[in-house]
Amino acid sequence: MADKILATLTSKGQITLPAQHRKAWGLKPGDQIAFDPPGGKSVRIEPRRKRSIFERLDELKLPPLGRPLTQEDFENAITEAMIEKDRRSRGT
């Protein structure tokens, strides 16, 4: 059985994960950790790293233009994706 990882919960509900575990998981500031809902006496956590926009290019909705894409095409698609993400996060 692996050693347990202890994290400290602050009065504001924040968790401090020990540095050696952040490094082992490759976590950086802004990354998220997903917690499975507790079904028993233990909880499983999963690191979720933020991805660069360049890692998500395949998710962008680029229009079929019938011509090579330009820098402006990419910038417009990124702007539209950011607006959509903001709209979803606000629930509108």
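By convention here, the first residue in the shown sequence is residue 1. Being a predicted model, the structure only gives us computed values, none of them experimental.
- Gln14 contributes atom CD, which lies 12.0 Å from atom OG1 of Thr8 (distance to the nearest 0.5 angstrom).
- Of the possible donor and acceptor atoms, one in the side chain of Arg22 sits under 3.5 Å from a partner among the backbone N and O of Leu17.
- Atom CD of Gln20 sits in a crowded spot, with more than 12 heavy atoms from other residues, nucleotides or ligands closer than 6.0 Å.
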From CA spacing to verdict: side chain to side chain contact (heavy atoms under 4.5 Å, CB included), Arg67, Asp73:
CA-CA 11 Å; Arg67 60 174 171 76; Asp73 295 327; 2.9 Å; yes

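- Here the options are Arg90, Glu84, Met82, Arg88, the test is side-chain contact (heavy atoms from CB on, under 4.5 Å), and the partner is Asp86; only Arg90 passes.
- Hydrophobic clustering, with ILVMFWY side chains joined whenever heavy atoms are under 4.5 angstrom apart, keeps Ile83 apart from Phe74.
- We find the CD-CD distance between Glu80 and Glu75 to be 12.5 Å, quoted to the nearest 0.5 Å.
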